[in-house]
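Index from 1, following the sequence.
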Amino acid sequence: MNHRDQLEQQQIEEYKKNPTINMADSMNRSVSGDLGAMTRGSFLTRIITTLVIIGGLLVFLLLK
């Protein structure tokens with residue numbers, strides 16, 4: 001069992017002890033998203049993601 005599997009097992013045990021943590025984690029993930037998932041993919045996907053993030057930052061800075 002690797003480190004990631006151990007962490008997942010510990011998290012499952014923690015969820016069993018306190019079920020409200022699971023709901024809180026789910027809500028936090030739905031709001032913030034998984035930034036690592038956006039960078040997984042082909043080269044073109046990474047370029048598009050990078051351009052969208054940079055474009056969003058530029059628009060945010062220019063409108064401020």
Side-chain angles (χ1 to χ4, degrees):
M1 191 181 323
N2 63 17
H3 183 66
R4 187 175 192 155
D5 290 338
Q6 289 176 342
L7 290 176
E8 287 179 10
Q9 188 64 30
Q10 288 174 352
Q11 193 173 25
I12 290 170
E13 292 299 321
E14 189 66 31
Y15 288 161
K16 288 179 183 177
K17 292 177 187 174
N18 191 356
T20 56
I21 292 174
N22 190 14
M23 185 181 72
D25 285 347
S26 297
M27 289 173 54
N28 288 338
R29 285 192 187 113
S30 69
V31 172
S32 63
D34 182 14
L35 296 177
M38 289 194 308
T39 59
R40 286 184 219 122
S42 66
F43 183 69
L44 182 61
T45 305
R46 291 180 184 186
I47 290 174
I48 292 171
T49 303
T50 304
L51 291 176
V52 168
I53 292 172
I54 291 172
L57 289 173
L58 287 175
V59 168
F60 177 74
L61 291 173
L62 292 176
L63 293 177
K64 188 177 180 184

Distance (rounded to the nearest 0.5 Å) between L58 CG and I53 CD1: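 Spacing of CG (L58) from CD1 (I53) equals 12.0 Å.
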From CG (L57) to CG (L62), nearest 0.5 Å: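 Taking CG in L57 and CG in L62, the distance rounds to 10.5 Å.
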Same apolar cluster (I L V M F W Y, side chains within < 4.5 Å links), L44/V52: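 Yes; V52 is reachable from L44 via cluster members.
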Which residues share a side-chain contact (heavy atoms from CB on, under 4.5 Å) with L7, sequence neighbours left out: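 Scan of L7 (side-chain contact (heavy atoms from CB on, under 4.5 Å), adjacent residues dropped) gives H3, Q10.
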